[in-house]
Amino acid sequence: MARVLFLGGLGRSGTTLVERLLGELPGICALGEVVHLWQRDLRDDERCGCGLRFSVCEFWQEIGEAAFGGWGHVDVDRITRLRATVERTRHIPRLAGKTLPSGLREAVVEYTSFYTAVYEAAALVSGARVIVDSSKHSALAHCLRWAPALDLRVAHVVRDPRGVAYSWTKSVDRPETDGAEQMTRYSAGRSALLWTGHNAAFGLLARRGVPTVRLRYEHLLEDPHAELRRLATHADLPVRDEDLAFVSTDAAQLRTGHSAAGNPMRFTVGRVPLRRDDAWRQALPPRQRALVGAVCAPMLHKYGYKEIS
């Protein structure tokens, strides 16, 4: 069975950094946001984390060959239809049940079979024991719970929602489109609702028995060695002191990766500073900060974020 560490949470919570750090550990292969593989890579031929177009990246072409006999054999339209049928936030209550109606179960199993094939092929091509998927989407995680040939572990990544809200308001180019597009932007109120909904969905997933560990982004930056060890332990992957030599208390040295999609940070190579970005404390207007604090108050307390105003 493919062992997958799924990074879940709301975007702008630090999952790309978590993925890149995990990808430096022996025995781990980090794939980026596989949920976007079908459209952005197979259809749009965007750039892999290595900088090459997906169609000419040897790593991904080997995976396609091992998984499907070549990417040309993948019916992207079928995957898109299945996704619309099963992978939606509104379907989570049904996906979280003890059983699935037969029709829905068949669609979920077929949909997740495409992901399982990619995970298994990535493990074969890379020789890794653990595959990291930083797709984040809570509905996809609930679908993968039903994949029959998958050893699913979840790392639930949370960040102070006021920092998340501020990040969503900023304009960020998508380098993989060569400047043609920017990342999605949300208002503070919209991001607060999404933060609450997605994080609650991962709490529900844990209650349904999926092995889940929660990681606060701020804790990762305070003690990256301890948090990386904790994540590796969750994935049943032994880590030696020398395996963590690439990261110090304030920086990490990153090699070229093959993230299929994600934050522009996936293209960064070399020394990356590890420091908290608390610009939101001054840059996020007080009324927006208060709005986010009010909407997210119950879960702020639950996750240990004490300051509300």
Side-chain angles (χ1 to χ4, degrees), residues 1-9 13-35 37 49-50 59-60 62-63 66-67 112 115-136 140-141 144-145 147-158 202 205-206 208-217 219-249 251-260 262 265-266 269 272 274:
M1 298 179 69
R3 189 186 312 165
V4 174
L5 181 60
F6 186 95
L7 304 185
S13 295
T15 50
T16 302
L17 175 60
V18 176
E19 177 215 333
R20 294 297 308 279
L21 294 177
L22 286 170
E24 295 294 326
L25 296 178
I28 287 183
C29 177
L31 297 183
E33 299 178 7
V34 182
V35 69
L37 172 72
C50 70
F59 173 78
W60 279 106
E62 289 183 13
I63 289 177
T112 57
Y115 288 85
T116 300
V118 170
Y119 299 148
E120 291 178 340
L124 178 66
V125 169
S126 67
R129 295 170 56 184
V130 177
I131 302 301
V132 174
D133 180 352
S134 60
S135 289
K136 297 190 291 292
L140 175 56
L144 291 173
R145 170 191 172 215
L150 197 62
D151 178 2
L152 179 66
R153 320 286 176 92
V154 171
H156 176 199
V157 183
V158 297
F202 279 102
L205 190 69
R208 291 298 178 264
V210 176
T212 302
V213 64
R214 185 178 299 130
L215 169 68
R216 270 182 52 173
Y217 178 63
H219 286 171
L220 174 71
L221 297 178
E222 291 168 4
D223 194 344
H225 279 195
E227 294 304 299
L228 287 174
R229 285 185 184 278
R230 194 162 65 91
L231 292 178
T233 298
H234 182 60
D236 286 339
L237 187 73
V239 173
R240 303 166 299 175
D241 290 342
E242 52 265 38
D243 297 333
L244 295 169
F246 72 94
V247 61
S248 65
T249 56
Q253 193 72 25
L254 301 180
R255 296 170 294 180
T256 300
H258 290 284
S259 294
M265 191 248 172
R266 67 194 179 96
V269 177
V272 176
L274 300 179

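Keep in mind the model is a prediction, meaning the values are calculated, not measured.
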* Rounded distance (nearest 0.5 Å) linking atom CG of Leu37 with atom CD1 of Ile63 -> 8.5 Å
* Any residue meeting ring-ring contact (aromatic ring centres under 6.0 Å, His included) with His234, in chain and number order, not counting sequence neighbours -> none
* Would you mind listing every side chain to side chain donor-acceptor pair (under 3.5 Å) that reaches into residues 119-130, with sequence neighbours excluded? => Tyr119-Asp133
* For Glu222, all residues meeting salt bridge (Lys or Arg N to Asp or Glu O under 4.0 Å), sequence neighbours excluded -> Arg276
* What distance do Arg266 atom CZ and Leu254 atom CG have between them, rounded to the nearest 0.5 Å? -> 14.0 Å
* Please name all residues satisfying salt bridge (Lys or Arg N to Asp or Glu O under 4.0 Å) with Arg240, sequence neighbours left out, ordered by chain then number. => Glu242, Asp243
* Asked: Where is the tightest heavy-atom contact between Val125 and Glu62, given as atom of each residue plus distance?
  -> CG1-OE1, 3.3 Å
* According to the side chain to side chain donor-acceptor pair (under 3.5 Å) rule, which pairs have a member within residues 147-158, sequence neighbours left out? -> Asp151-Arg153, Arg153-Asp236, His156-Asn199
* To do: Applying salt bridge (Lys or Arg N to Asp or Glu O under 4.0 Å), name anything that partners Arg229, two or more places apart in sequence or on another chain.
  => Asp241
* For Tyr217, what residues pass the side-chain hydrogen bond (donor to acceptor under 3.5 Å, both in side chains) criterion, not counting sequence neighbours? -> none
* To do: Can you sort out the partners of Thr112 under side-chain hydrogen bond (donor to acceptor under 3.5 Å, both in side chains), two or more places apart, ordered by chain and number?
  => none
* Got a second to check how far Leu21's CG is from Leu244's CG, nearest 0.5 Å? -> 10.0 Å
* Structure fact -> Note: Leu215 and Glu227 closest approach over all heavy atoms is CD1-OE1, 2.9 Å
* What pairs with Thr256 under side-chain hydrogen bond (donor to acceptor under 3.5 Å, both in side chains), at least two apart in sequence or on another chain? -> none
* Structure fact -> CG (Leu22) and CG (Leu228) are apart, to the nearest 0.5 Å, by 6.0 Å
* For the residue pair Val239 and Ala232, what are the closest heavy atoms and their distance? -> CG2-CB, 3.2 Å
* Asked: In chain order, what residues pass the side chain to side chain contact (heavy atoms under 4.5 Å, CB included) check against Ala226, with sequence neighbours excluded?
  -> Asp223
* Rounded to the nearest 0.5 Å, how far apart are CZ of Arg145 and CG of Leu152? -> 10.5 Å
* **Under the salt bridge (Lys or Arg N to Asp or Glu O under 4.0 Å) test, residues paired with Arg208 that sit two or more places apart** => none
* To do: Apply ring-ring contact (aromatic ring centres under 6.0 Å, His included) to Phe6 and list each qualifying residue two or more places apart in sequence or on a separate chain.
  => none
